[in-house]
Amino acid sequence: MSVRVRFAPSPTGYLHVGGARTALFNWLFARRQEGTFILRIEDTDVERSREEMTEAILEGMRWLGLSWDEGPFYQSQRRDRHKETGRKLAASGHAYACFCPPAELKERREEAERKGVAWKYERVCLALPAEEVERRIASGAPHALRFRVPEGTTTWEDRVHGSTAFANETLEDFVLLRSDGTPTYHLSVVSDDVGMRISDVIRGDDHLSNTPKQILLYQALGMPTPTFAHLPLILGPDKKRLSKRHGAVAVTEYREAGYLPEALFNFLALLGWSPGDGREFLPREELVRLFSFDGVGKKGAVFDEQKLQWLNSQYIQAMPVAVIRESIRSELQAKGLWDPSLEGDRGAWFEQVVEILKARSRKLSDLARDCAIFLGERIEFSSEAVAKHLQDSATIQRMKELRTALAEVEPFDEASTEQSLRKVAERLGIAAAKLIHPLRVALTGQAISPGVFAVLVLVGRERALQRIDRLVQYLEARPPQPS
RNA sequence: GGCGCUAUCGUCUAGGGGUUAGGACGGGUGGUUCUCAGCCAUCAAACCGGGGUUCGAAUCCCCGUAGCGCUACCA
């Protein structure tokens, strides 16, 4: 029997990491089992659904590489089938008309809530004589269709939680069709899952208590139930379900922040699942190969951005520089630092730049930011760097000496420039660091940077000399420093 | 309130009757060095509580406790 799974988001917001993780497990399972992954948009809540959110969700899924095989299907376009399923249930005696005014029921529910007692629909309309029901329906009385919950216990073998049971008496006769004839969630979901021949329902833990109701619907319909797997929720640092309150939750926000889809994918898979052998860096194909519900935990997992950053850095390290260049191109363009020559004449040079930057980057945005010292024409001196390395008034003269040496050194490579600088330091009787740090500030404006000689060579002799000149001018223009 | 789910280092987890309770992130320390990162070495850090069962329980059972989720004519 072929595996058919679905991801069924509501288009009420962007694709958040919790939803993405649910989609991801569905995807992994489908790929592992060589099954079918179906995308179904549950847009039947007209109040909250926004059409443009559907596109945002699709965009998030494409970015993460969660390709679907069928769909997207729209639940709102399948209403007639849902209603038909409801009518079938009524015809077979599994559902009945309820004429109770919703406002009245709501009031009683709230009153029970206030008193702190349990309340469920008392089945007043179930007791109505058949003739009266017919008469009232014929007279056009508004009515909902309620499912008649049978006696007994509903159990299933959850792929994550194992054997799970609910006493049916804790369930109320829930509404299938509203008074206006529209189907409710449980009816729509089961109707669609049956219609789409879904074999395995993989969703968040928040649906665990919906499951008995839905199983009852399958049984009333005479349909085989799918297997269920309820994934633990993703939590914020306060251990509550991750939400906007905790910061970034949309997958697109992670893209903007400089994370790679491969890293987020890997991270999300590890959130609640473990291969068991301690490996952490697991590219997509490996994940597909290893995935099994055996490794899925039952406990909610806190989203730890530190670990995501670490994984991201691992993917950056593993990425060919040419690919990194493509990935940061739009960000460089946005900063006005991009030039077509970076893919042409200066391609090899730029790859060296990326090479020395990548080991120190946890996010692509770090890398793109650090490119500025090589691509930008002007650099700004950071106040920390100035305070730390430019206080000595002898620096002006030292930089002039260094400039002279660097103007002549041949070849202009790391080894020779370093040798040259050290020679100057020796001649002046000072530690090399007294030249290195101001040089770093001259070249990068920062107190921290990659190895200063690597930077020097990549900046190039001409620009390096200009930057040293600028530093000297800056220091000379500066009012005398209090000693 | 009712129902349900869950419980191993700060975090993600491995282990499932006898282990020095393992790994990873993060943190500490030391080394490399021109800074930072990286890398290498190294350290600290956990079985929610109480009862059973057993020669022996983190592991099995029960009871608590805590956290979370659901409790609509929302999805």
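Any value given below was found using the heavy atoms of this structure, including those in side chains, with hydrogens, waters and symmetry copies removed. Below, chain A is the first sequence line, B the second, and so on; all start at residue 1.
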Please report the distance separating the [atom1] of [N] from the corresponding atom of [M], rounded so that it comes out in whole Å.
N: B:U54; M: B:C61; atom1: C1'; answer: 12 Å
N: B:U59; M: B:G49; atom1: P; answer: 10 Å
N: B:G50; M: B:A58; atom1: P; answer: 10 Å
N: B:A66; M: B:G30; atom1: P; answer: 44 Å
N: B:G22; M: B:C47; atom1: C1'; answer: 13 Å
N: B:G28; M: B:U19; atom1: P; answer: 34 Å
N: B:G23; M: B:A14; atom1: P; answer: 15 Å
N: B:C40; M: B:A46; atom1: C1'; answer: 27 Å

Which base, if any, makes a Watson-Crick or G-U wobble pair with [N], both distances under 3.5 Å?
N: B:U29; value: B:A41
N: B:A24; value: B:U11
N: B:C34; value: none
N: B:A46; value: none
N: B:G18; value: B:C55
N: B:C73; value: none
N: B:G4; value: B:C68

Students often get this wrong, so: under 4.0 angstrom with heavy atoms, is [X] touching a base, only sugar-phosphate, or nothing?
X: A:Gln309; answer: nothing
X: A:Ser179; answer: base
X: A:Ala144; answer: base
X: A:Arg40; answer: nothing

Output the rounded distance in Å from [atom1] ([X]) to [atom2] ([N]).
X: A:Arg6; N: B:A75; atom1: CZ; atom2: C1'; answer: 12 Å
X: A:Ile316; N: B:G38; atom1: CD1; atom2: P; answer: 13 Å
X: A:Tyr259; N: B:C25; atom1: OH; atom2: C1'; answer: 13 Å
X: A:Trp310; N: B:A37; atom1: CH2; atom2: P; answer: 18 Å
X: A:Phe303; N: B:U13; atom1: CZ; atom2: P; answer: 13 Å
X: A:Ile436; N: B:U35; atom1: CD1; atom2: C1'; answer: 10 Å
X: A:Glu111; N: B:G1; atom1: CD; atom2: P; answer: 19 Å
X: A:Leu456; N: B:U35; atom1: CG; atom2: C1'; answer: 15 Å

**Q.** Residues, nucleotides or ligands: over 12 heavy atoms within 6.0 Å of A:Glu426 CD
**A.** no
Q) Would you say A:Glu113 has more than 12 foreign heavy atoms packed within less than 6.0 Å of its CD? A)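 No.
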Tabulate atom names and distances for all N/O pairs under 3.5 angstrom spanning the protein and nucleotides 19-23 of chain B.
unit_1 : atom_1 : unit_2   : atom_2 : d
B:G23  : N2     : A:Glu280 : OE2    : 3.3

Q. Would A:Tyr121 and A:Phe174 count as a close aromatic pair, with their ring centres under 6.0 Å?
A.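 Between A:Tyr121 and A:Phe174, the centre distance exceeds or equals 6.0 Å.
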Q: May I ask you to check whether A:Phe293 and A:Phe25 place their ring centers less than 6.0 Å from one another?
A: no
State whether a side-chain donor-acceptor pair under 3.5 Å links [X] with [Y].
X: A:Ser191; Y: A:Arg81; result: no
X: A:Thr211; Y: A:Arg203; result: yes
X: A:Asp413; Y: A:Ser416; result: yes

Q. Does A:Arg21 reach the main-chain N or O of A:Leu271 with its side chain, forming a donor-acceptor pair under 3.5 Å?
A. yes
**Q.** Side-chain donor/acceptor of A:Ser361 to backbone N/O of A:Lys363, under 3.5 Å
**A.** no
Q: Please tell me if the side chains of A:Gln397 and A:Lys400 come closer than 4.5 Å, counting only heavy atoms from C-beta onward.
A: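 With C-beta onward as the side chain, the pair touches.
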Distance under 6.0 Å and angle within 45° of ring axis: [X] vs [Y]:
X: A:Arg325; Y: A:Phe350; result: no
X: A:Arg123; Y: A:Tyr96; result: no
X: A:Lys213; Y: A:Phe147; result: no

Looking at the side chain of [X], which of [options] is the nearest nucleotide?
X: A:Lys299; options: B:U13, B:C34, B:A75; result: B:U13
X: A:Gln75; options: B:A75, B:C3, B:C12; result: B:A75
X: A:Thr164; options: B:C73, B:A75, B:C5; result: B:C5
X: A:Lys298; options: B:A14, B:U6, B:C73; result: B:U6

Q. Considering all heavy atoms of both residues, which atom of A:Pro450 and which atom of A:Val455 are nearest to each other, and what is their separation?
A. O-CG2, 3.7 Å
Q. Between A:Val302 and A:His161, who's closer to the 5' end of RNA chain B by nearest nucleotide?
A.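 So the residue in question is A:His161.
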Q.
Let me spell it out: for each of A:Arg422 and A:Arg362, pick the nucleotide of RNA chain B with the closest heavy atom. Which residue's pick is nearer the 5' end?
A.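 Between the two, 5'-proximity favours A:Arg362.
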**Q.** Any residue of residues 443-455 of chain A with a heavy atom less than 4.0 Å from an atom of RNA chain B
**A.** A:Ala447, A:Ile448, A:Ser449, A:Pro450, A:Gly451, A:Val452, A:Phe453
**Q.** Mutual orientation of the aromatic rings belonging to A:Tyr259 and A:Tyr254 [parallel < 30°, tilted 30-60°, perpendicular > 60°]
**A.** tilted
(Q) How would you summarise protein contacts on nucleotides 67-72 of chain B per nucleotide, using B for base, S for sugar-phosphate only and - for none, with heavy-atom distances below 4.0 Å? (A) -SSS-S
